[in-house]
Each structure stands twice: as structure tokens, then as C-alpha cells.
Number of protein chains: 4
Amino acid sequence: MKTKDRILDIARSMISEIGYHGTTTAALAKRAGISEGTIYRHFENKEAILLQILQELDDKYSEFLQTLRSARDGDHGTIERILHGHVRFASDNLADLKIVLSSYALLSPSKQSMTSVIERMHEFFTECMTRSMNMGVIREVDVDPTAKTLVALLLGVMQLKVYWPDMDSDFDPEAVQFVRRSLVPNL
Amino acid sequence: MKTKDRILDIARSMISEIGYHGTTTAALAKRAGISEGTIYRHFENKEAILLQILQELDDKYSEFLQTLRSARDGDHGTIERILHGHVRFASDNLADLKIVLSSYALLSPSKQSMTSVIERMHEFFTECMTRSMNMGVIREVDVDPTAKTLVALLLGVMQLKVYWPDMDSDFDPEAVQFVRRSLVPNL
Amino acid sequence: MKTKDRILDIARSMISEIGYHGTTTAALAKRAGISEGTIYRHFENKEAILLQILQELDDKYSEFLQTLRSARDGDHGTIERILHGHVRFASDNLADLKIVLSSYALLSPSKQSMTSVIERMHEFFTECMTRSMNMGVIREVDVDPTAKTLVALLLGVMQLKVYWPDMDSDFDPEAVQFVRRSLVPNL
Amino acid sequence: MKTKDRILDIARSMISEIGYHGTTTAALAKRAGISEGTIYRHFENKEAILLQILQELDDKYSEFLQTLRSARDGDHGTIERILHGHVRFASDNLADLKIVLSSYALLSPSKQSMTSVIERMHEFFTECMTRSMNMGVIREVDVDPTAKTLVALLLGVMQLKVYWPDMDSDFDPEAVQFVRRSLVPNL
DNA sequence: TATGAATGAGAATTCATTCAT
DNA sequence: TATGAATGAATTCTCATTCAT
């Protein structure tokens, strides 16, 4: 693996475990088996490492939404697919999510990144729900605040996944059922 | 106000705004109008300040649950009351929640505190839902994972409240409706 | 002596000997018998130390000019007094001058400080020469460029004093004579 | 141009603009369009680059003195020629002079180089003035200190040229006149 | 000759904590 | 209780120099 990628990899796991401030360049270099100066050949400063991690997550989410969009067909399965997809996306990117969730209050790049994800998520949900409502596969609800509710639910699910990892097992399918019961008529 | 309380107060607002690491003892002392040494008359170290803030939040939540418990009567209104109550509790303690949410990944006392709140919340929801189910006012659902789903939803709502304050207005009632539709039969 | 003054004192001698960049905060602290952190209780950063030294030199020069102005009487002695005064001022503030001369190309505060001194010196010479010419005690010369010549001469004298200290002894009086011969008629 | 010369050229302009310490090998390599390692193919270390620049200035000055010496004829024009020549030499080698003037307090090679130039200048002036005095074209003065005064004047003129470039225009001829008035009898 | 990634010693600066008054 | 000067370990970042290719 290229040195730059090794730095990113180690940084990802360290920041997700002990936070941005707890991750010192000295410790990062040591764990990556390189000298401290080498970090600065690959990144302008420590924040740039965080930035790149966040950017990559942003890109991965964009790509994920792209996939969902292209697969969406409006039939009964859509909502499940969207929710399951998001829950899965969260599982696949736990470390990155941990980083965003734990740092976005403190570091402006993190905040921007998180806000961008949230807004795109909200927009996507609004879009899907409008479609589904027009097709009659979900109840008539106030789209915007309901989309926000879904965003909140998914944010919370991620939080629990990240910080209470023991409860994973039986939780996701029920969350999806919970949403289905609320949105799909005649269940 | 006693010096100790002033320190706590300033610390609360500073930590919630700029985080635990961003809050230096020097700045804290300056804003509190005391000398740096004085902080250490009242707290063993910086972490002890955070600890006390978290403990107070913990206590406030215990008290809040107590109130909910004593008011609970199992009739149709219960779920709304619980949810509204929690949403309100979040609004009333925004600064503290911001502190927990932004620091619990990084500092073990914060993590413990958060875990304790989550567990009690989960336990409380389980309790309430079991009761309500026995009384027939909510559908038959798998209690444990559904309680987790509710915890997740509330966690997410808090997050949005804390970090996306613009969306507050129309959001809470719809979230409650969302849950009601999912849980209350024949709506 | 107060800690701040001790820092300034040691800094003055170190910077004049080994330059601004050569003077590390670590060495400065060691020689001042304090810890490195203490420096930053008294100065915002390293440059602030240099700034203060320069400011003090600036003030001393202002005061010096004030003295010269109040003592000036326009008789034959004036030119000698001004030149001798400046030469003496240079001797009395060798360390500071060494600092300005060696750093003013590189550090903007130093440059500003030096420019300010040069401009005031030039202005003062212009003033004195105009007076003296009106009184007929010096020849009719083009005042402005001649004042610049005097500034240059004094700058050069300082340089030699600073960097070729062995030649001091017999040099100053002759420099004054040199100027007298050029400016005073019928010598 | 050979790589080595390119390095020297870029180094000259960079050091004269931002100083020796400000000129990093990384920036130097970048501006020269070569890799950092290449610098060390041509120079043992960073100081060696400075050394060579100084040596070249030294050589240029030797050559310049040679020219002056061979052109000297002792008649009335000599003093003007020497002074004008030096002023011109300064103008022609501004960047190098800036380097010496700004670094000779800090780096021993620079100091040596400067001392050598000053001493040769002093020696040359002594020589010329002795000759001229014997021929009766200048007044009877104490040669050694007067030569030092001339050195000082020229040093100062260079300083002003280098650091107060706006005043150039009308200054040089007057400086020469200033010296003539002081040294040439019956003016 | 040339490269450029890697080095590591050292620089400035920060900050929680201590302690004599 | 309160002060505030002093501490010193830790942190981020720089940069001349090396060396395998």
C-alpha cells in the first residue's frame, strides 16, 4: 500500500477510536511505521487528513445514493430497500461515521461534511416519498417533516450502531418494520 | 452565584460551543472572572468539571423519568406524553446534550454517562410499551427492538435539534404522529 | 529584575550576537533561567520580543532627537553636536543597532522600525541644515540630497562600529572633521 | 544554463529577497525546476551556496578594484572616478550586496567576506589618498581615519540604495560633491 | 547526474496543573 | 479561599539532508 493510503488508514482507525484531538501525529507516525515528517510530505497539516477522510465518506455516500436512485422503481419494495440500504451503508462505514459523529460539533470541515450528508439524505427521502405517495404505495403524509423524521431515525440508528454495538443483531429489521407500519397503508 | 456554580455555568456554555478540548482552563477562568488557580480549588482537574456537568444531566434525566413514571396512566395519551416529554427534555437541556453528543466518543466518563441514559431510556420504553400492549392501546410488536427503534428515533431527533437547529419548528409533532401511526392500531 | 525584563535583556544580547533566527526560545529560556513556557506568559510570540526591543530603540531615538532639538542653537557648534551625538547614540545602543541592521531586511517589523528611524533622521538633518544655512554658518548646498548623504555616512559609521569594532578609537572625530570641511565655509 | 548556475541564480534572487533562513531548499529546488536532491549534487550543503555567491562577489570586487587601479592617474578626476565607480558597482550588484548586508551578522562566511571587502576598500582608499595628497590634489588630512570615513560613507550609501530604493535619483552626485568639498582644496 | 520519498532533529507554541504568597 | 506566575511535557510543524533507484 502507498504511504499516503497507510496514513489515511491508520488515521481513520485512530480518530474513530480516540478522536481527532487524541490522535497525535507522533502516535500516528509510529503506528504507521513512518517518521512524523513523512506525514507532512503527504498532507499539508493534520486537519487535511481529517478532511480527506470526510471527503471520501462524502463521495461514498454520493455514489451510494446514485446506486439507490438508479435501482428505485416505486413498487412496494422501495422503502425497505432505501432503509436497508442506509442501515447497511452505515454498517459498512462505521469508522468513518464514528469520526463524523464525534467531531462534527467541533471541527468546521466535519460539520460541513455532516450537514451536506444530512441535506442530501433529506432531499432524497423527500423525493422518494413524493413519488411513492403519487403512486399510492404509502399513505398521504406531510412529506417534508416526515422525511426529517426518517433522517432522524437513521441518524439515531447510526449512533446506536456506533456507540452501542451490542444491540445490532435484531434491531435493523424491526426498525424497517416500524417505518413500514407508519407509512404503508393497510398493514 | 457561588464561584463553583459560575465555573460550571461558563464551562457548560463553552464546552457546548467549542468542545471539551477547545475549552482551555485559561479562557474559562478569564470568562468566569477568576484566576486559573481558583478552578483547582473547586475541581480536582479539568475532567472533573465535565464529569459534574454530565452527572447533573444524568440526575435531571432521572428526575424527568420519575415524573413521567408517576404521570403515566396507560391511556391513549401515554405515548404522546412520553415522546413529547422527551423532545421537550431535549429542548430544555440542549447545551448539556450537545456536550454529551460531541464528547462521548472521546472521553470515557462521557461515554458511560451516555450509555447510562440510553439504557434507562430503553428500559423505560420497554416498560411503557409492555404495559400499553397489555392494555391493548398499541399493536402487538416485538417490544425490545421496537423500544430500541424509539431510542434511536429520539437520539436522532436530538442530534438534528442540536446540529441543524433551523428545522425545529414543524418537526416534532410530525415525529410523534409518525410513531403513533406505527404503534397505535386503526389510525 | 522582573522576569519580562530579564527575557528582554537576554534576548537583546542573544539576537545581537547570533541573530533572530539563531536565537531559539529554548536557548533563550535556558540562559534566562526560566522555562520555555514562561516566555509565552510575557510575550505573545517570539516576534513580539523583537518588536518590543525595536520599539524601545525607536523610543530612545525619539527621546534623543528631542534632547538634540532642545539643545540646538544654530551657532558653529551645532553640526559637531549633532554628529557627535549620533555617533555616541550609536555607541550607547550598539546591541540594539546590531539587531536592526542585521534583521531589517528579513523581518517586516524590523524594516518598518529602521525606515522610521532613517526618515526621522533625514528630516532632522534637513531641518538643522536649513536653519544653519539661513544663519550662514554652513555653505549653500542642496539640502535634501546632502541630508541623505549625512544619513548614509552615519548609517555606515554605525555599520563599521557594529561589525568592525577594532577601528573605533580614532575614527569618530575625523568623521566629524570630514563633514565640517565639506559644510563649513573657509575652513 | 548549467544546473549549478541556475541554482546559484535562483538562490541569489531568493536570498536577497527573503533572506538566507527564509530560502528553503525545497522552495529553491521548486523554483529552479529541479529536485531537492539535485542541489546536493552540486553543493555540499546549503551554506556552500551562500559561500559561492559571496566568493563571486568578492571576485567581482577584486576585478573592479583592478580596473580602478589600472585607470588611476592621480589627476583631479581620480576621487570622482573612485566614488562614482563604487556607487556604480553597488548598483550593478544590488542583489549580492543585499545578501551580504543582511546576513553578515549571522553567518561567519558572510562576515568574513564582508570584512575582506571592507578591508580591501579601506586599503585602496588609503593608497589612493596618499598618492593624491603627495600630488597635492587633495588637502592634507589624516589618511587612515579619513579612508575609514569614506568606507563608512560608501557602506551607508549602499544600505540606503538597498533598503530605501526610492531615494536613488538625485543622491549619488551630491554624495560625490560632498566628498569633493571636504577633500579638494579651494573649492 | 538526477530523482523524490523519507528522515529526524529541533523549532515555536499550548495548556493543564502547581505552589508560594 | 483566591491569586497568578511559573512550569514542562506534549503537540504540530519545518527543513536540511540522505539514499535507493
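Convention: sequence-line order gives letters A, B, ...; per-chain numbering from 1. Predicted model, so just to flag it, every value in this text is computed and none were measured.
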Worked verdict on D/Met114 versus D/Leu101 for side chain to side chain contact (heavy atoms under 4.5 Å, CB included): CA-CA 8 Å; D/Met114 190 64 185; D/Leu101 288 173; 3.9 Å; yes
Ranges pairing with ranges for DNA chain F, where each run has three or more Watson-Crick or G-U pairs under 3.5 Å: E:2-21 with F:2-21
Side chain to side chain contact (heavy atoms under 4.5 Å, CB included) between D/Glu47 and D/Tyr20, intermediate numbers included: CA-CA 9 Å; D/Glu47 202 179 289; D/Tyr20 177 74; 3.6 Å; yes
Bounds of contact between DNA chain F and chain D, in 5' to 3' order, using a heavy-atom cut-off under 4.0 Å: F/dC15 to F/dT18
Atom-pair distance (NZ on C/Lys46; P on E/dG10), nearest Å: 15 Å
Residue mapping more 5' on DNA chain F - nearest nucleotide basis, C/Glu36 or B/Glu36: B/Glu36
Touch class at under 4.0 angstrom, heavy-atom based, for C/Thr25 against every strand present: base
Which atom of D/Ser116 lies closest to which atom of D/Asp58, heavy atoms considered: OG-OD1, 3.1 Å
B/Ile99 versus B/Ser110, closest heavy-atom pair with distance: O-OG, 4.4 Å
Sugar-phosphate only, base, or nothing, as touched by C/Thr38 at under 4.0 Å among non-hydrogen atoms: base
Pair C/Glu56 + C/Arg12: basic N to acidic O under 4.0 Å: yes
Worked check of side-chain hydrogen bond (donor to acceptor under 3.5 Å, both in side chains) between D/Ser13 and D/Ser16: CA-CA 5 Å; D/Ser13 83; D/Ser16 75; 5.9 Å; no
Heavy-atom check, side chain of B/Leu28 versus side chain of B/Ile49, under 4.5 Å: yes
Min side-chain heavy-atom separation A/Leu155-B/Leu155 under 4.5 Å: no
Rounded distance in Å - CD1 (C/Ile7) to C1' (E/dA12): 15 Å
Beyond-backbone contact of B/Gln52 with B/Lys4, side-chain heavy atoms, under 4.5 angstrom: yes
Nearest-Å distance for atom pair OH/P, residues C/Tyr40 and E/dA11: 12 Å
Closest-nucleotide ordering on DNA chain E, the 5'-leading residue of A/Gly33 and D/Ile34: D/Ile34
Given DNA chain F, 5'-ward residue of the pair A/Glu44 and C/Gly37, judged by closest heavy atom: C/Gly37
Contact nearer the 5' end of DNA chain E, comparing C/Ala26 with D/Thr3: D/Thr3
